[in-house]
Peer 1: 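Starting off with a structure, shown below.
In what follows, every heavy atom counts, from backbone to side chain, and hydrogens, waters and symmetry copies are set aside. Model, not experiment: these values are computed from the prediction. Order of the sequence lines sets the chain letters (A, B, ...), proteins ahead of strands, with each chain counted from 1.
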2 protein chains.
Amino acid sequence: MKRIADSTVRRLSMYLRYLEDLDARGQKTASSDELALLCHTTPAQVRKDLSFFGSFGKRGLGYPVHDLTSQLRHILGLEHEWKVVIIGAGKIGAALANYRGFRQRGFRIEGVYDVSPDKIGQPWGEAIIRSMDSLADDLAGQDSVIAVLAIPSDDAQSVVDTMIAAGVRAILNFAPAQIVVPAHVSLKSVNMAMELEGLSFALTNNHGYRGVA
Amino acid sequence: MKRIADSTVRRLSMYLRYLEDLDARGQKTASSDELALLCHTTPAQVRKDLSFFGSFGKRGLGYPVHDLTSQLRHILGLEHEWKVVIIGAGKIGAALANYRGFRQRGFRIEGVYDVSPDKIGQPWGEAIIRSMDSLADDLAGQDSVIAVLAIPSDDAQSVVDTMIAAGVRAILNFAPAQIVVPAHVSLKSVNMAMELEGLSFALTNNHGYRGVA
DNA sequence: GTAGCTTTGTGAAGAATTTCACAAGCTCCT
DNA sequence: AGGAGCTTGTGAAATTCTTCACAAAGCTAC
């Protein structure tokens with residue numbers, strides 16, 4: 001299969017969100033025009049994105065909403081539930097655990113881990129904070145696990161190494177640090193300071209620069 | 001000035017982070033090779049990125065660390081402090097308020113606002129949760145303000161409209177919703193569910209796809 | 001059934017971004 | 001002072017991503 005750009009995957013994710021809305025409202029079909037309008041992109045872009053994976057629409061009619069929803073869920077690998085472990089029982093970890101969007105979209109928070117001995121064993125919402133040492137055992141045999149890293153930068157790389165040794169193959173990193181992972185592990189980083197700096201740049205150099213929605 | 005790509009700005013931000021480290025350690029110069037290694041990019045990319053803004057290096061020697069640090073801070077508009085108001089006194093707002101990276105890099109949390117009458121007036125860390133209605137007055141005359149939106153999606157657009165009416169010109173949005181802003185307002189959105197879905201896609205279709213560090 | 005309207009799917013064109021490759025410039029050493 | 005050894009800055013090439021434009025195909029009405 002051809003390599004799919006990151007930007008394409010993000011848009012697929014967005015199409016899915018809106019298609020789910022339309023489906024819930026009982027709308028049967030949607031044209032690339034309509035989707036483009038909702039997602040602030042172009043009809044051509046919508047069609048091109050979808051065409052990488054097959055031809056789901058009917059000419060003259062548009063895309064069947066319910067069917068395309070399933071197809072996108074399949075493409076994005078959202079047909080089964082993903083188990084999410086949160087590493088770092090701090091404020092960011094807490095915010096993520098409560099984030100509505102996760103559960104709604106099939107990501108189930110499975111457990112919370114920390115390195116700090118003070119925190120291990122403490123209750124945390126409905127769960128108990130567990131030790132990183134038990135991660136490998138807890139995940140033994142588990143396949144669809146995504147780890148969310150919400151700890152200070154200093155420890156980030158060493159914790160990542162521990163996680164990978166424990167069998168984690170996907171990491172969403174919130175620590176503002178460059179993390180290195182082997183090729184078989186997928187990593188995404190969200191860096192909030194970097195986003196703010198992007199806004200600072202835009203405000204400082206407003207030569208027609210526009211932020212990204 | 002030429003339009004600067006978003007990806008370029010993100011990398012500048014990253015160069016700055018590492019240059020600050022090097023500066024703190026007393027290193028005098030750094031080559032594009034060294035920066036590229038630290039930031040996981042290529043030397044040519046580093047040079048090209050910097051060359052959009054001037055020529056800061058010395059051939060045969062590299063870039064003067066301390067000087068380039070200042071230059072980048074200037075380019076990114078980080079020479080003065082930015083005031084950050086957090087809209088939404090929930091878990092995400094709390095996490096952001098405590099995020100070390102913000103304060104460290106010149107973003108000062110100025111106040112917390114909410115729409116919910118139950119929350120308004122309540123203490124929140126060292127501050128008191130304020131009403132959105134007072135936003136316009138509070139910001140009157142203030143120039144360098146960035147609003148961080150951490151509320152549920154349903155209210156997002158209407159709150160954004162209120163903020164813009166109050167004079168906000170830069171918004172970092174954490175609500176998983178498409179927000180529309182007029183051209184003079186800069187907007188960046190962070191969508192955590194979308195990031196997780198990207199990982200789900202990568203794990204499901206691991207045909208050489210690699211996440212982004 | 002076919003004319004007219006609509007919308008997809010897709011090569012090809014265009015734009016944007018990254019990488020290449022090398023001349024020019026600086027430092028250090030002798 | 002001159003040559004050797006680096007490293008920058010930058011046009012040009014390559015690659016990646018987006019937009020265009022249109023043939024092919026479905027639907028509706030008569």
Peer 1: OP1, OP2 of D:dT19 versus side-chain N and O of A:T42: anything below 4.0 Å?
Peer 2: yes
Peer 1: Identify the two heavy atoms, one from A:T29 and one from A:L61, that lie closest to each other, and give their separation to 0.1 Å.
Peer 2: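 Answer, listing the atom of A:T29 first, then A:L61: OG1-O, 4.0 Å.
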Peer 1: Of A:A44 and B:A44, whose nearest nucleotide on DNA chain D comes first from the 5' end?
Peer 2: B:A44
Peer 1: Find the distance A:D6:CG to D:dT16:C1' and express it as a whole number of Å.
Peer 2: 13 Å
Peer 1: Any N or O donor-acceptor pair under 3.5 Å from the base of D:dT8 to the side chain of B:R59?
Peer 2: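 Side chain to base: pair present.
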Peer 1: Closer than 4.0 Å, any side-chain N/O of B:Q45 to the OP1 or OP2 of C:dT17?
Peer 2: no
Peer 1: Describe the nucleic acid contact of B:S7 in one word from base, sugar-phosphate, nothing, applying a heavy-atom distance below 4.0 Å.
Peer 2: sugar-phosphate
Peer 1: Say you draw a straight line from OG of B:S7 to CG of B:D49; how long is it, rounded to the nearest 0.5 Å?
Peer 2: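 Taking OG in B:S7 and CG in B:D49, the distance rounds to 7.5 Å.
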Peer 1: How many whole angstroms separate atom CZ of B:R11 from atom C1' of C:dA16?
Peer 2: 12 Å
Peer 1: C:dT8 phosphate, OP1 or OP2: any side-chain N/O from A:S55 under 4.0 angstrom?
Peer 2: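 Answer is no, no contact under 4.0 Å.
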Peer 1: What is the distance from CG of A:L68 to P of C:dT7, rounded to the nearest Å?
Peer 2: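 Rounded to the whole Å, the gap is 16 Å.
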Peer 1: What nucleotide among D:dT7, C:dT17, C:dT7 has an atom nearest to a side-chain atom of A:S31?
Peer 2: C:dT7
Peer 1: Looking only at heavy atoms, what is the nearest atom pair of A:I179 and A:Q157, with distance?
Peer 2: CA-OE1, 3.5 Å
Peer 1: Give the rounded distance in Å between these two atoms: CG of A:D33 and P of C:dC5.
Peer 2: 18 Å
Peer 1: Does OP1 or OP2 of C:dT8 have a side-chain N or O of A:S32 closer than 4.0 Å?
Peer 2: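 For C:dT8, OP1/OP2 do have a side-chain N/O of A:S32 under 4.0 Å.
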Peer 1: What distance do A:I171 atom CD1 and A:K188 atom NZ have between them, rounded to the nearest 0.5 Å?
Peer 2: 13.5 Å
Peer 1: C:dA24 C1' sits how many Å from B:R47 CZ, rounded?
Peer 2: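 It works out to 13 Å between those atoms.
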Peer 1: Which comes earlier along DNA chain C counting from the 5' end, the contact point of A:S51 or that of A:G60, where each point is its nearest nucleotide?
Peer 2: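 Of the two residues, A:G60 wins.
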Peer 1: What distance separates B:Y63 OH from B:L22 CG, expressed to the nearest 0.5 Å?
Peer 2: 14.0 Å
Peer 1: When the distance from NZ of B:K48 to C1' of C:dT19 is rounded to whole Å, what number comes out?
Peer 2: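 Going from B:K48 (NZ) to C:dT19 (C1'), I get 9 Å.
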Peer 1: Please state how far atom OH in A:Y63 lies from atom P in C:dT6, giving the value in whole angstrom units.
Peer 2: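 From A:Y63 OH to C:dT6 P: 18 Å.
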Peer 1: Let me know the distance between NZ of A:K28 and P of D:dC27, rounded to the nearest Å.
Peer 2: 16 Å
Peer 1: With the side chain of B:K58 defined as its heavy atoms from C-beta on, choose the nearest nucleotide among C:dT19, C:dC26, D:dC20.
Peer 2: C:dC26
